[in-house]
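To find a chain, count down the sequence lines: A is the first, B the second, and so on, and within it residues start at 1. Nothing here was measured: the structure is a model prediction, and the numbers come from that model. Side chains are part of it too, since the values below use all heavy atoms of this structure and drop only hydrogens, waters and symmetry mates.
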Amino acid sequence: MIEINFAKIEKKWQGKWEKEKIFCTQGVPSASGKVNDNSKKEKYYILEMFPYPSASGLHMGHALNYSIGDVMARFKRMNGFEVLYPMGFDALGLPAENAAIKAGEHPKPFTEKAIKNYIRQMKELGLSYDWTKTLATMYPEYYRWNQYFFLKFLEAGLIYRKKASVNWCPSCNTIISNEQAQGGICERCDSKIEIRQLEGWYLKTTKYADELLNGLDKLDWPEKIKAMQKNWIGRSEGTEIDFEVNGVKWPIFTTRPDTIFGVTFMVVSAQHEKLMSIVTDEQKKEVEEFLKNVGSVSEKEMAELEKKGVLTGSYAINPVNGERIPIYAGNFVVADYGSGMVMAVPAHDHRDRDFVRKYNEIKIIEVIKPSKKGFNLELPKNKSFDEGYEEFVNNFVNGKVDGAYTGPGTLINSGQFNGLDNTKAKEKITVWLKKQGKARKVVNYKLRDWGFSRQRYWGTPIPIIRCEGCGLVPVPEKDLPVVLPEKVKFGKGNPLETNEGWINVKCPKCGGAGKRETETMDTFFDSSWYFLRYPDNKNEKKPFDIKKIKKWLPVDQYIGGAEHACMHLIYARFFTKVLRDLKFLDFDEPFKVLFNQGMLHGSDGEKMSKSKGNIINPDEISKKYGMDSARYFLLSLAAPDKPRDWSDKGIQGSLRFIKKIFSISENIKFGKSSEDFISKLSSTTRDVTEFYGNFQYRKATIKLKELFDFLAEQKEVSKEDFGISLKLLSPICPHIAEELWEKLGNNDFISLSKWPKVEKSEKKKEKGVDLNSKIIEDIKYVLEKVGTGKVVYLYVMPFELGKIDTGKIGKAIGKEVKVFAVNDSKKFDPEGKAKRAKPGKVGIYLG
RNA sequence: GAGGGAAUGCCGGAGUGGUCAAACGGGCUAGGUUUAGGACCUAGUGGUUUUUACCUUCGGGGGUUCGAAUCCUCCUUCCCUCACCA
């Protein structure tokens, strides 16, 4: 049995690739002085979402992700494209800061070590990145442009400050993320979280909500991701109705203006900034007590909470009938959606009804009589629909049903609108109120403005100086970058506040004493434009040169996980649109095509994670089986967009396959290929080319397997054809393909060789000739069994109709022959013999 | 609650109107080879059997069609994402 020294082969080729700079775009000289001439090629920009460099290094899941992109990059390169395939690191961020502190190190060297390790591992995976184009967000050379864009956005009025609710830990004296504040308890010190209103920096993402939504239609993205973004942006059309609260107008957003006569109470969000202003003195104590127990600001937490509320003591006036409606403060209303207060209709909304069950002093008014059509509740099973329906409606309008009806119906108890269909009533009531100036049609979005400031150290400093006289003063462009100071103390609060020397600066406006903003940017700011930086990653004058952007952008193929559907992918689209409006770019969508890879699970079928101990380390796998076996195995497991389980046994099969290829190359006689092999090779080339092109790698591995199995049976094969077979294999198994390519006597790189030509369809040999003689045989058989008839009726597949030669058949059997297509409605077929017909076999009736 | 996806042998999964169900891999069984193990090679792996054949089967029910794993419809189960957005 062959023993292959994978480590040696892999090292050899990885070294050669790097030395000769063969994966670099135009203009990068290699060790031997050669420069790739790509000047006449079409560009192809392929990109994987850049990783956050974790100290534990890459695991097999990363290997899968990057192999998916690498295969495409290699395939495109061989197909004559100038490929830009870069890799960088999302180096800043909370996880790195926390991990470093835990390890007792400063985040900078800590992250640098991790990056170094990532790069080593990526090279060992055989990934064909252009390392001359790399970047890491932790260096001022990169993040100064975050600051630059911040200033530009600020100038354009897209950045502002506002107060928002945050989780505050009184003992740690800092803001806590939702993840760390589960159950309203601080993860670090177990003290109770308070909700505080704090000011922060916001980007007006909502300004682009409509465009972000509409732009989705143009994108070649998985439908799933588009749907997720659509939900996230969450456009909903409704009516804004003014209720009077303490003599002040308070607009309320609703999608159900048709139920306005059924409003029996209002609920204002417990997190609403104006809440205390409407709380009466008698209720103050109770509300304060209530607020203490609301828990965290996490919406997930909110969703799990029991609906609770407390009276504020204030009343709202219903504009349609002047009724006084009590206002509650509730834990289930979202503060920054609509106006933070909702009108509650317990008869026709589940949430409102749930609330009422606990506070039974609230009355319920039914204002919609359910209609039969579209009735959306379950009726008793032992009754007919009509009976059950009658009974339900009777009970419902009389207030005897404990539940909300949310389906369609006609209005009752609604003044002059009684008897109207409720969908029509929405419009009519809105118009009626609009005439009185009390309502208007509005569009609301779930998408919020993006709060991007963090009270953390390991991020881009926000370039602002606070001056007592001048207020918030932007750092002038010429003073950028504001470099993150290295000397800080980690522990309580924001580390940046511990470096006095850094904080105290002169105000750029008045020259007086100023202090630096100590908040840093969310790392999603970094990742919102990094794809624009790769093509011009060393530019010290500008974030990027427009000529290079014009050549390379937008990204032709973006690859990454579905977990980024709502955050990163929306922010990146938002940035692109803003930069377009600020005349930095002339396109408005960054990623034309998006591919979501599936997740790699451990052999236990669970998500790979340290705590489960099911992480597969590529270093070990490479040692045992060779990187190419691993790549082949990962890609052969399932379609790339489906999840798959790692299996130690499974990879053995791939190793066997690789060994087989080696043994073929050693044992086969080079000479002339057989006809069969030439035909097999050409059909494989056709299929594999198609499969690589649309990410159906799994199918490509199957075809390759068939090809080499077939090759193993051949007595001899031409060197050229063996070379072609290797080319087809090379995107998945680049190292061994290079090795065997060289053994074949080539002295160039298979990675840069031309992709084999696809022969146009050599369809299977025509069967038409055989069909007629087969029919004759069948007819003779039937004649013998059944007896005689004057006319022979044949029923054939529609697509075979043209192949039937009635003259020839008639002559052979000496009878009249009539042919019908099996789907011919006018055919003569008294015994249903058409059913007997199959492709290649006719139905026969003797009449 | 909303949206998306899925259900095929022992397992992972091909097949998305006919000529073709179960490719390809794993596992298992038998045989060969081997000092042994591993590796490798061959055959088998829904049922019947007269084995170049016939039947059964693609989560369940109904439908469209000459013909359905494939299209439509209802149901069941599972996975993912978002989730009290008024």
Side-chain angles (χ1 to χ4, degrees), chain A residues 1-3 222-232 234-236 238-239 252-257 259 263 266-267 269 299-300 302-307 330-345 348-352 354-355 406 444-448 562-563 565-566 596 598-599 605 632-633 636-639 641-645 647-657 659-660 663 696 698-706 709 712 764 767 771 795-800 820-825 827 829 832-841 843:
Chain A
M1 188 50 218
I2 312 170
E3 279 308 321
E223 285 307 315
K224 188 182 154 187
I225 301 297
K226 289 206 224 174
M228 283 164 77
Q229 287 211 356
K230 240 177 225 170
N231 277 333
W232 188 262
R235 183 192 152 97
S236 71
T239 307
I252 301 293
F253 179 76
T254 180
T255 54
R256 295 295 308 270
T259 63
V263 176
M266 312 289 285
V267 188
S269 168
E299 290 183 17
K300 228 182 200 159
M302 271 170 71
E304 283 156 13
L305 281 175
E306 207 183 341
K307 289 182 186 44
N331 63 350
F332 64 100
V333 173
V334 180
D336 44 8
Y337 182 77
S339 59
M341 194 191 295
V342 298
M343 59 179 229
V345 186
H348 302 287
D349 187 288
H350 295 298
R351 296 156 298 180
D352 301 344
D354 288 349
F355 190 81
T406 55
N444 240 319
Y445 296 94
K446 277 204 265 186
L447 185 77
R448 325 261 170 88
E563 67 273 19
C566 297
N596 278 133
M599 197 173 318
Y632 184 90
F633 172 63
S636 70
L637 264 173
D641 56 347
K642 297 268 166 59
R644 69 207 66 200
D645 298 345
S647 133
D648 284 326
K649 273 184 184 161
I651 194 173
Q652 307 259 5
S654 299
L655 178 61
R656 251 175 255 156
F657 174 62
K659 285 187 175 172
K660 189 179 207 166
S663 109
Q696 292 182 292
R698 178 166 208 281
K699 292 184 187 173
T701 62
I702 290 161
K703 288 287 168 194
L704 287 169
K705 184 123 204 206
E706 281 173 3
D709 278 350
K764 300 257 162 68
K767 278 182 180 169
L771 186 66
Y795 310 97
V796 301
M797 293 302 119
F799 58 89
E800 282 175 334
F820 295 101
V822 98
N823 58 349
D824 183 349
S825 56
K827 65 179 179 291
D829 182 20
K833 294 287 186 192
K835 277 187 197 284
R836 306 295 290 267
K838 279 180 187 171
K841 199 187 163 204

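Interatomic distance, OG of A/Ser654 versus NZ of A/Lys705, reported as 7.5 Å (0.5 Å rounding).
When the P atom of B/A83 is taken as reference, atom CD of A/Gln229 falls 14 Å away, rounded to whole Å. One atom, CG of A/Leu447, and another, P of B/C82, lie 15 Å apart when rounded to the nearest Å. Distance CD (A/Glu706) to C1' (B/G15): 13 Å, rounded to an integer number of Å. Rounding to whole angstrom units, CE of residue A/Met341 and P of B/A86 are separated by 17 Å. A straight line from CE of A/Met228 to C1' of B/U81 spans 4 Å, rounded to a whole angstrom. Residue A/Arg698 contributes atom CZ, which lies 5 Å from atom C1' of B/G13 at whole-angstrom precision. Counting to the nearest Å, the P atom of B/G25 and the CG atom of A/Leu704 are 12 Å from each other. The CG atom of A/Asn231 sits 14 Å away from the C1' atom of B/G5 (whole-angstrom rounding).
In this structure B/U81 sits in a base pair with B/A2, meeting the Watson-Crick or G-U test at under 3.5 Å. Using N1 to N3 plus N6-O4 or O6-N4 for Watson-Crick, or N1-O2 and O6-N3 for G-U wobble, each under 3.5 Å, B/G44 pairs with B/C28. B/U65 is unpaired under the criterion used here, namely a Watson-Crick or G-U wobble arrangement in which both key atom distances are under 3.5 Å. If you check B/A86 for Watson-Crick or wobble pairing at under 3.5 angstrom, you find it has no partner at all. Base pairing of B/A39 is not made with any nucleotide, judged by Watson-Crick or G-U wobble geometry with both donor-acceptor distances under 3.5 Å. Base pairing annotation: B/U57 forms no Watson-Crick or G-U wobble pair, as no partner gives both donor-acceptor distances under 3.5 Å.
Here B/A86 is the nucleotide among B/C84, B/A86, B/C24 with the atom lying nearest to any side-chain atom of A/Val333. Side-chain proximity of A/Thr255 to the nucleotides B/G3, B/C84, B/A86 is greatest for B/A86.
Ranked by how close their nearest RNA chain B nucleotide is to the 5' end, A/Arg256 and A/Thr701 are led by A/Thr701. Each of A/Trp232 and A/Thr254 was matched to the nucleotide of RNA chain B holding its nearest heavy atom; the match closer to the 5' end belongs to A/Trp232.
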For this session: Under the side chain to side chain contact (heavy atoms under 4.5 Å, CB included) rule, what do A/Val345 and A/Met343 come out as? Steps first, then yes or no, please.
Result: CA-CA 7 Å; A/Val345 186; A/Met343 59 179 229; 4.2 Å; yes

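Remark: the separation of the C1' atoms in B/A53 and B/A68 is 25 Å, to the nearest Å. On the P atoms, B/G60 is 23 Å away from B/U65, given to the nearest whole Å. Nucleotides B/U16 and B/G5, compared at atom C1', are 16 Å apart to the nearest Å. Between B/G9 and B/G26, the distance separating the two C1' atoms is 13 Å to the nearest Å. Nucleotides B/A39 and B/U29, compared at atom P, are 13 Å apart to the nearest Å. Comparing the same atom, P, in B/G46 and in B/A23 gives a spacing of 9 Å after rounding to whole Å. For the P atom pair drawn from B/U77 and B/C24, the interatomic distance equals 36 Å after rounding to whole Å. For B/C71 and B/C78, the C1' atoms lie 24 Å apart once the distance is rounded to whole Å.
Remark: side-chain polar atoms of A/Asn444 are not paired, donor with acceptor, to backbone N or O of A/Ser236 under 3.5 angstrom. Between the side chain of A/Ser636 and the backbone N or O of A/Arg698 there is no donor-acceptor pair closer than 3.5 Å.
Looking at every heavy atom in both residues, A/Thr239 comes nearest to A/Pro257 through OG1-CG, 3.5 Å.
Dashed line: the shortest gap from a side-chain N or O of A/Lys699 to OP1 or OP2 of B/C24 is not under 4.0 Å. For the OP1/OP2 pair of B/A86 and a distance below 4.0 Å, the side-chain nitrogens and oxygens of A/Ser236 include at least one atom meeting the criterion.
A/Phe332 and A/Phe355 have tilted rings, their planes meeting at an angle from 30° to 60° on a 0 to 90° scale.
B/G9 has its base syn relative to the sugar, with a glycosidic angle deviating from 0 by at most 90°.
Using a 4.0 Å cut-off between charged nitrogen and carboxylate oxygen, A/Arg256 and A/Asp349 do not count as a salt-bridge pair.
Base contact: A/Lys446 has a heavy atom under 4.0 Å from a base atom.
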